[in-house]
Amino acid sequence: MTTTVPDAQAPEAVFDAALAADERIEPRDWMPDAYRATLVRQIAQHAHSEIIGMQPEANWITRAPSLRRKAILMAKVQDEAGHGLYLYSAAETLGTGREELLDKLHSGRQRYSSIFNYPTLTWADVGAIGWLVDGAAITNQVPLCRCSYGPYARAMIRICKEESFHQRQGYELLLALSRGTEAQHAMAQDAVNRWWWPSLMMFGPPDDASAHSAQSMAWKIKRHSNDELRQRFVDICVPQAESLGLTLPDPDLRWNEQRGHHDFGAIDWDEFHEVLRGNGPCNEQRIERRRRAHEEGAWVREAAAAYAAKHDGHHGTHDKHAEHTEHDNHGKPEEAAA
Amino acid sequence: MNRVPVPAALALGDDALVLSHRLGEWAGNAPVLEEEVALANIALDLLGQARALLSLAGDEDELAFLREERAFRNVQLVEQPNGDFAHTIARQLYFSAYQQLLYGQLASGEGPFAPLAAKAVKEVAYHLDHAEHWTLRLGDGTPESHARMQRALDALWRYTGELFEPVEGVSADWPALQDGWSAYVTDVLRRAGLTLPEGPREGAWTAGAGRQGIHTEPFGRMLAEMQHLHRSHPGASW
Amino acid sequence: MTGTDWPLWEVFVRSRRGLSHTHAGSLHAPDAEMALRNARDLYTRRSEGVSIWVVPSSAITASSPDEKDPFFEPAADKAYRHPTFYEIPEGVRHL
């Protein structure tokens, strides 16, 4: 195009106008470098959290106490791998490949949610993670379905839809324990005691200490402040804990008539920063396991790539119209035996 | 008469339960994220089959969590540890090929397992497809993957003879099943550039006793892990 | 292609018969057959589809957002392409 672009059409103005009109930014649109970098950082951290988050729960798949619970837990951990994949795809639309992001995760240059640096010590922890950790995640994520970046918002819509079962299964698991034997009830209470405060930390530092919040809100990547979401979460959890017959480990927790919200005790931000710095109970272990899986899988990924190179990468279906793939027959024992 | 023969439900149910458990051990350890999802899908299908089958024989949880090792009736093949990805794929190829042929027969018959088999056979077709595609890729991938795949096929071969021993209460054409299985496995391995293993697979000290409750050493540890929590809280509900 | 870098594929899912395939997302796979299977496992875990297409992302040619106006704006002033453009006397039916 040789026509001069009028000022109003300057890419920056188009971007700003789209944000102002609450329209979505799409991958090939012009966007400020900092917007792109913020998104990549946030989406990557989110994706990493999903796949590191598989570990504390997978820790209990082989010990699940009933077959029903085992099926639920396997499906949930599988969903987390799936959510990681959706999110890596979203990051990929910004020009950063999954391999690069995984490298950064494995070498400690990118973070994942600190919550997964806490251990799952008993079966009840699976329930506490579902109820509190997934609950906090959902509180954070629902507004992200309206995030200004289209691919991220679409991934979040899919994820939120799928995650609604995660929180419910956790709650149901805890309810069964709470109403069960004395030992089961104690197990549930102990898990809630350990997971409550780390869950509140999931919303990030207080608003006045949050480095990225203001800009992210201006860009409509973020829609609510950390403290706003944290308060919303506390208000939701209090009556849910009552129905569970469990208590939340905070002596300062009480309803404040004037504010119309619950007041709650001071969060131990020193602990938060320690865990963030890598000194949580499981930081080493989580990354090490992730790195090992990746390294041990290298020969498998190489084999598949080598096979594809030998067979032209489109083995079997490459010269047909896509519609025809629906009618493909794959070799099956009956055919081989016939 | 469509009364369910309990030993048969246990044999088929235990196969599915134990293999599902082994596949569940992959969670968080798969070679690539896409395989996390794929392996979990297979594990979930098998767990669903196990629950349906064990429920025909009694209470699924009592059967899964409160039986001693000697009371399990699964073939030894499915209890073999995951090993590397090649071992997992070889185990799946051997087992899914067997399961598909067996369930195909059961689905087309009129026995008590027909409805269940009709549903399961579709799931198994996908498991087999997955195993076959990976067998081709590992066999015809890199020298390393070829060597690993061949080693896995060889190592697990001795456990395949047991697959074709008639199971009490399962009416199947066992010789035809074995022929179909051999033809299929031979064909896949040929296409993958792999060699059909030649070692013995019946007689003393080759496998064959899983259906009689004789298992391999790793199975006891697997059950210890699987049953520990349930057994620690007698009578509790979860 | 390096060993650890599988190509990217775009996934299109037909959610039920009678509807067209819709873009669902993307994934990595070494080849088309595996891409199809990965797509099945990832994007139809909850019965979201009856048919799947996978397309190498590199095979897609997209219109450029820079050409947005020349590409799409000329269509905006042709209201006569839409049925609501025409005034029909009241009471005339089946039109």
Side-chain angles (χ1 to χ4, degrees), chain A residues 1 3 5 9 11 14 25-30 75 78-79 81-83 85-90 92-93 97-100 102-103 151 154-155 158 161-162 165 294-295 297-318 321-323 325-326 328 330, chain C residues 1-15 17 20-73:
Chain A
M1 299 289 124
T3 42
V5 182
Q9 293 302 299
V14 175
I25 308 299
E26 293 296 341
R28 289 158 59 88
D29 291 339
W30 182 91
Q78 181 196 40
D79 268 354
H83 296 171
L85 285 167
Y86 301 155
L87 289 161
Y88 285 122
S89 301
E92 205 133 5
T93 62
R98 193 207 303 177
E99 206 55 34
E100 183 185 334
L102 285 176
D103 271 352
R154 290 192 285 277
R158 192 177 262 272
K161 225 192 289 175
E162 298 187 351
F165 108 75
H294 193 71
E295 280 164 14
W299 71 270
V300 177
R301 299 191 298 275
E302 278 159 21
Y307 178 90
K310 285 185 210 174
H311 297 265
D312 203 21
H314 297 261
H315 189 70
T317 56
H318 78 288
H321 185 274
E323 284 282 4
T325 57
E326 289 167 42
D328 251 10
H330 304 292
Chain C
M1 181 163 57
T2 64
T4 49
D5 225 1
W6 291 350
L8 191 65
W9 302 77
E10 299 299 326
V11 179
F12 299 82
V13 176
R14 186 202 295 287
S15 55
R17 309 193 77 82
S20 52
H21 289 75
T22 311
H23 187 236
S26 64
L27 50 74
H28 287 267
D31 55 52
E33 290 191 326
M34 294 304 272
L36 212 45
R37 282 154 185 81
N38 292 345
R40 177 263 195 193
D41 287 334
L42 184 58
Y43 289 104
T44 66
R45 291 202 298 297
R46 289 175 168 80
S47 317
E48 295 97 332
V50 296
S51 160
I52 300 173
W53 292 346
V54 290
V55 182
S57 304
S58 60
I60 291 181
T61 308
S63 63
S64 157
D66 300 341
E67 291 163 1
K68 191 169 148 199
D69 293 347
F71 250 69
F72 302 114
E73 234 177 60

Using the test side chain to side chain donor-acceptor pair (under 3.5 Å), find all partners of C:Tyr43 that sit at least two apart in sequence or belong to another chain.
none
If you compare all heavy atoms of A:Arg28 against all heavy atoms of C:Ser63, which two are closest, and at what distance to 0.1 Å?
NH2-O, 3.2 Å
For A:Arg158, is it the side chain, the backbone, both, or neither that has a heavy atom closer than 4.5 Å to a heavy atom of chain C?
side chain
Can you name the closest pair of heavy atoms from C:Trp6 and A:Ala304 and give their distance?
CZ2-CB, 3.6 Å
Quiz question: by atom type and distance under 3.5 Å, do the side chains of A:Glu92 and C:His28 form a donor-acceptor pair?
yes
d(A:Gln78 CD, C:Asp41 CG) to nearest 0.5 Å is 7.5 Å
In the structure I gave you, are the side-chain heavy atoms of A:Tyr307 and C:Met34 within less than 4.5 Å of one another anywhere?
no
NE2 on C:His23 to CZ on A:Arg154, rounded to 0.5 Å:
8.5 Å
Counterpart residues, side chain to side chain donor-acceptor pair (under 3.5 Å), relative to C:Ser57 (two or more places apart):
C:Glu10
Taking all non-hydrogen atoms of both residues, which atom of A:Tyr86 and which atom of C:Arg45 are closest, and how far apart?
OH-NH1, 3.6 Å
What's the shortest heavy-atom distance between C:Leu42 and A:Gly82, and which atoms?
CD1-CA, 3.5 Å
Heavy-atom distance under 4.5 Å to chain A: side chain of C:Ala35, backbone, both or neither?
neither
